[in-house]
Undergrad: 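Just passing along the structure, written as structure tokens.
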Amino acid sequence: MKQQIQGLVQDALEQLAAQGALTLEAFQGELPTPQIERTRDETHGDFATNAAMVLAKRAGMRPRDLAERLVAALPSSPAVARVEVAGPGFINFHLAADAYHAQLAEILISGPDYGRSQLGAGKRVQVEFVSANPTGPLHVGHGRGAAYGAVVADLLTAVGFDVHREYYVNDAGRQMDILCASVWLRYLELCGEDLVFPSNGYKGDYVWDIAASLHREHGDDYRVEAGQVFAGLPPDEIDGEPNGDKEAHIDGLIENAKRLLGDNRYRFVFELGLNTILDDIRQDLAEFGASYQEWYSERTLTESGAVNRAIGRLRECGHVYEQAGALWFRSSAFGDEKDRVLVRDNGQTTYFASDIAYHMDKLERGFERVIDIWGADHHGYVPRVKAALKALGDEAERLDVLLVQFAVLYRGGEKVQMSTRSGEFVTLRQLRKEVGRDAARFFYVMRRCEQHMDFDLDLAKSQSADNPVYYCQYAHARIESVLRQAAERGILVEPSSGTKHLERLETEHELALLKTLSRYPEVVEAAALSHEPHLLTHYLRELANALHTYYNAHQFLVDDGTLRDARIKLILGVRQVLRSGLGLIGVSAPAQM
RNA sequence: GCCCUCGUAGCUCAGCAGGAUAGAGCAACCGCCUCCUAAGCGGUAGGUCGCAGGUUCGAAUCCUGCCGAGGGCACCA
């Protein structure tokens, strides 16, 4: 619809140019695409353009004069009822009701395709999201990234991009070793060994579960005397140990574990921990409606030599130097605040080195656009990754990093403390169990991602009008209910008369609803391109409101056959858009509530 | 200290590639069910858009400074 208006203004501009009223030289040989906006105030019509004001200076005309000439040059269109120049030089378009009737007909014909488009033209886009370390279950912080990433990916798909959803699995590195050691120590405790669990170990119950399965399946096969395990370790950072160092302590434990268990057995425990947790994360995300095309292993990056290749490329470009036994990347030359280590003095490559290799690989895989969705706590990481891509000569602009702020949970008006130690829930699974998937998905994307979010658990759970999820779903359920009753009365629910009788839709409420429906494609497009799912949740609330208002004001199943037919078609259109929109954010559209 | 994000109605938030009187939902107050689910609808009230400058025909929106909130500044991942 918007494009239709845009086309008209474009034609008018071209005509003025042809008449010599606008000289192309002022625009470097090319006329700008006019900006068309929905009006905020309905007395200003349906659409408006500020083209005359924007172009006035270069055209050497006063805005209102240019506007008048543009209006005179506009081709006539049955969709436009009236055009006027207003204010400082706006051109306002009042659409004919028929234009909206035609749009409804299109919705009914297109069905689920209404709102989808080919804007993305099949361009390949990668969306990497969540990518939490597989050292424990996902918590509610990851939940927001999961919901946000899934919706951004689905929105991009809806507007025609070929989207590749990916999870980067940090299956290498120290944190995984700490998990492995934690599992093993718990196992030893189950074997009857007496030990003091390290303060830096993973203490969650899930560690006990993994240890228990190891003990159940393998008895004492992995048992080593606790005295040997803790032999020669630096003291832990616990009460009564003034010189304790929890980092050194756990690193020593890992060393001992590797030595005492030997490669194979260590590997076995390590894999058991990794796979158990990764399976749990996979299942959790699947249940949350976040699907992936690929789970990309950090370990394969090292094993395939990609990390060394990345370092090699940086070295060839001359952006690498050695200092104090470590290998550094001169990231400060590319916008980072300081240089970063690639290879530590102990010979191990850093996480950053893997990440360079990973992003290099992403771009090499030919994605036109690479979107990383990270927690806001990683924002300091953005400049160095971009620096690496710049240094490698890759187009760093192809990478978009979207930062998702944390969500703070509230229950009973009180902030829910998020420490692992407190008894209050922290996992995504617990959140889903408490408020349900629909509410969780909706609430998580209701706010702009860079906005700090207050997540009100009581509201998310409440089955009331205050709850935006129920409010939108209820609109859908109400329509279904009307259709059920129509069927009971023997009224054709799928009208056989095609798009006839739509002209009977003429009340204020019907036109408002039609207008809202016509905005849907624009909302999907804007939400997709700007990565802002909240535009869609806001829209759905508006649409539901328009439906509820209509429902209260008019009876749908009236005796007048053509009117009834038209009204049923209208609510069928609303049902379609509610379904599509809720579907895009991963929320169900129930037939009954 | 430096960097990032945010600061809009009592609360939670939209609006920000500048545009015509600043919007919504809660909460408050007043109304609406003999009628397809009142899990609904309508109305009233409520704001010097953190503060101060600047850019321009026009600034909540762009720029600078300050104040406030959160986060980040590892040879951790």
Side-chain angles (χ1 to χ4, degrees), chain A residues 35 37 39-41 43-44 48 50 53-54 56-57 62-63 86-90 92 131-133 135 170 172-176 178 200 247 298 323-328 336-338 340-355 375-383 403 405-406 408 410 413 446-456 459 462-471 473-475 477-486 488-489 509 530 532 534-535 537-539 541-542 544-545 547-558 567 571 592-593:
Chain A
Q35 295 301 307
E37 298 174 342
T39 56
R40 224 177 282 176
D41 182 338
T43 64
H44 297 143
N50 61 359
M53 289 182 290
V54 174
K57 203 172 239 173
R62 282 184 298 188
F90 289 100
N92 294 335
S131 299
N133 284 347
T135 52
N170 296 118
R174 184 164 167 264
Q175 294 306 317
M176 290 307 302
I178 294 176
N200 220 15
E247 306 293 347
E298 178 188 0
Q323 188 183 304
L327 192 68
W328 295 71
D336 195 8
E337 53 188 18
K338 56 184 257 193
R340 310 287 173 177
V341 172
L342 296 171
V343 184
R344 283 183 256 163
D345 58 4
N346 64 8
Q348 287 201 320
T349 56
T350 58
Y351 175 83
F352 178 46
S354 298
D355 231 4
D377 54 333
H378 284 68
H379 77 78
Y381 216 75
V382 179
L403 300 171
Q405 291 288 343
F406 294 124
V408 179
Y410 284 83
M446 214 161 55
R447 308 284 176 236
R448 282 165 57 208
C449 69
E450 61 265 42
Q451 184 75 246
H452 302 254
M453 181 169 74
D454 288 339
F455 193 126
D456 185 335
L459 180 60
S462 81
Q463 308 208 348
S464 77
D466 314 350
N467 186 341
V469 189
Y470 280 88
Y471 186 83
Q473 291 181 317
Y474 181 44
R478 266 188 154 172
I479 293 170
E480 291 280 14
S481 172
V482 172
L483 296 175
R484 275 194 300 274
Q485 307 216 12
E488 278 167 25
R489 296 189 210 171
H509 294 112
S530 59
E532 292 182 335
H534 73 276
L535 296 177
T537 58
H538 282 268
Y539 169 82
R541 211 195 177 284
E542 275 181 63
N545 176 244
L547 186 276
H548 289 309
T549 303
Y550 183 42
Y551 183 96
N552 270 44
H554 300 280
Q555 192 78 16
F556 306 154
L557 303 179
V558 291
R567 287 185 170 168
I571 61 172
Q592 244 174 309
M593 290 175 74

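Note on naming: letters A, B, ... go to the chains in the order of the sequence lines (proteins, then strands), and numbering restarts at 1 for each one.
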Undergrad: Report the distance from atom NE2 of A/His452 to atom C1' of B/G7, rounded to the nearest whole Å.
TA: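 It is 10 Å, rounded to the nearest whole Å.
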Undergrad: Would you check if the side chain of A/Asn467 reaches a backbone N or O of A/Leu459 as a donor-acceptor pair within less than 3.5 Å?
TA: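 Such a contact is found between A/Asn467 side chain and A/Leu459 backbone.
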Undergrad: From the options B/G15, B/C36, B/A77, select the nucleotide whose nearest atom is closest to the side chain of A/Gln555.
TA: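 When the side chain of A/Gln555 is considered, B/C36 is the closest of B/G15, B/C36, B/A77.
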Undergrad: Nearest to the A/Gln592 side chain among B/U5, B/U37, B/G19, which nucleotide is it?
TA: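 The answer is B/U37, which lies nearest to the side chain.
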Undergrad: Of the listed nucleotides (B/G42, B/C13, B/A38), which one gets closest to any side-chain atom of A/Asp454?
TA: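 Nearest nucleotide to the side chain: B/C13.
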Undergrad: Give me the distance, rounded to whole Å, that separates B/A74 from B/C67 when you measure between the C1' atoms they each carry.
TA: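 It comes out at 31 Å once rounded to the nearest Å.
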Undergrad: Pick the closest RNA chain B nucleotide for A/His554 and for A/Met453 by heavy atoms, then say which residue is nearer the 5' end.
TA: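 Result: A/Met453.
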Undergrad: Can you confirm whether more than 12 heavy atoms, excluding those of A/Arg174, are under 6.0 Å from its CZ atom?
TA: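 Counting neighbours around CZ of A/Arg174, more than 12 heavy atoms of other residues, nucleotides or ligands fall under 6.0 Å, so yes.
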Undergrad: B/U5 P sits how many Å from A/Leu403 CG, rounded?
TA: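 These atoms are roughly 9 Å apart.
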Undergrad: Would a 4.5 Å heavy-atom cut-off, applied to side chains only, mark A/Glu532 and A/His538 as touching?
TA: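 A/Glu532 vs A/His538: side chains apart.
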Undergrad: Base, sugar-phosphate, or nothing: which does A/Thr549 touch, judged by heavy atoms less than 4.0 Å apart?
TA: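 A/Thr549: backbone/sugar contact only, no base atoms under 4.0 Å.
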Undergrad: Examine B/C76: is either OP1 or OP2 under 4.0 Å from a nitrogen or oxygen in the side chain of A/Gln348? Give yes or no.
TA: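 Checking A/Gln348 against B/C76: no side-chain N or O falls below 4.0 Å of OP1 or OP2.
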Undergrad: Is A/Asn467 close enough to B/A39 that one of its side-chain N or O atoms is under 4.0 Å from OP1 or OP2 there?
TA: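 Looking at the OP1 and OP2 atoms of B/A39, neither is under 4.0 Å from any side-chain N or O of A/Asn467.
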Undergrad: Using the rule given for side-chain contact (heavy atoms from CB on, under 4.5 Å), can you reason through A/Arg489 versus A/Leu557, listing the C-alpha separation, both sets of side-chain angles and the distance that settles it, and then say yes or no?
TA: CA-CA 9 Å; A/Arg489 296 189 210 171; A/Leu557 303 179; 3.6 Å; yes
Undergrad: Report the distance from atom CZ of A/Arg448 to atom C1' of B/A24, rounded to the nearest whole Å.
TA: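 Rounded to whole Å, this separation is 16 Å.
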Undergrad: What's the closest nucleotide to the side chain of A/Tyr551 if the choices are B/G15, B/G42, B/U37?
TA: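 Of the candidates, B/U37 comes closest.
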Undergrad: Want to settle it: does A/Asn92 or A/Arg174 sit nearer the 5' end of RNA chain B, counting the closest nucleotide to each?
TA: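 Going by which nucleotide is closer to the 5' end, it is A/Asn92.
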Undergrad: Grab the CD-P distance between A/Glu37 and B/G23 for me, whole Å please.
TA: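 That distance rounds to 15 Å.
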Undergrad: Quick test: give all pairs of protein nitrogen or oxygen and nucleotides 72-75 of chain B nitrogen or oxygen below 3.5 Å, distance rounded to 0.1 Å.
TA:
from  : atom 1 : to       : atom 2 : distance (Å)
B/C73 : O2'    : A/Glu337 : OE2    : 3.1
B/C75 : O2     : A/Asp345 : N      : 2.8
B/C75 : O2     : A/Asp345 : OD1    : 3.2
B/C75 : N4     : A/Ala324 : O      : 3.2

Undergrad: Which is it for B/C32, anti or syn, if anything within 90° of zero counts as syn?
TA: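 Judged by the O4'-C1' to base torsion, B/C32 sits in anti, the angle falling more than 90° away from 0.
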Undergrad: Of the nucleotides B/C36, B/A77, B/G19, which has the atom closest to the A/Leu557 side chain?
TA: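 Between B/C36, B/A77, B/G19, the one nearest the side chain of A/Leu557 would be B/C36.
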Undergrad: How does RNA chain B look in dot-bracket notation if pairs are Watson-Crick or G-U with both distances under 3.5 Å, crossing ones as [ ], other-strand ones as |?
TA: (((((((..((((.....[...)))).(((((.......))))).....(((((..]....))))))))))))....
Undergrad: Please confirm whether the backbone N or O of A/Val343 pairs with a side-chain atom of A/Thr349, one donor and one acceptor, at under 3.5 Å?
TA: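 Such a contact is absent between A/Thr349 side chain and A/Val343 backbone.
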Undergrad: A/Tyr474 has an atom OH; how far is it from atom C1' of B/A39, in whole Å?
TA: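 Going from OH in A/Tyr474 over to C1' in B/A39 covers 6 Å.
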Undergrad: What's A/Ala172 touching, base or sugar-phosphate or nothing? Going by heavy atoms closer than 4.0 Å.
TA: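 Touches sugar-phosphate only.
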Undergrad: Counting the atoms with a prime plus P, OP1 and OP2 as sugar-phosphate, which does A/Ala48 contact under 4.0 Å by heavy atoms, base, sugar-phosphate, or nothing?
TA: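 Touches a base.
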Undergrad: Could you tell me how far apart A/His534 (NE2) and B/C6 (P) are, to the nearest whole angstrom?
TA: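 These atoms are roughly 12 Å apart.
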Undergrad: Once you round it to whole Å, what is the distance between P of B/C26 and CZ of A/Arg447?
TA: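 In whole Å, B/C26 P lies 13 Å from A/Arg447 CZ.
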Undergrad: Looking at A/Gln451, I'd like to know whether one of its side-chain N or O atoms comes within less than 4.0 Å of OP1 or OP2 on B/A14.
TA: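 For B/A14, OP1 or OP2 has a side-chain N or O of A/Gln451 closer than 4.0 Å.
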Undergrad: Quick one: A/Tyr550 OH to B/G42 C1', roughly how many Å, whole number?
TA: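 For the pair A/Tyr550 OH and B/G42 C1', the rounded distance is 18 Å.
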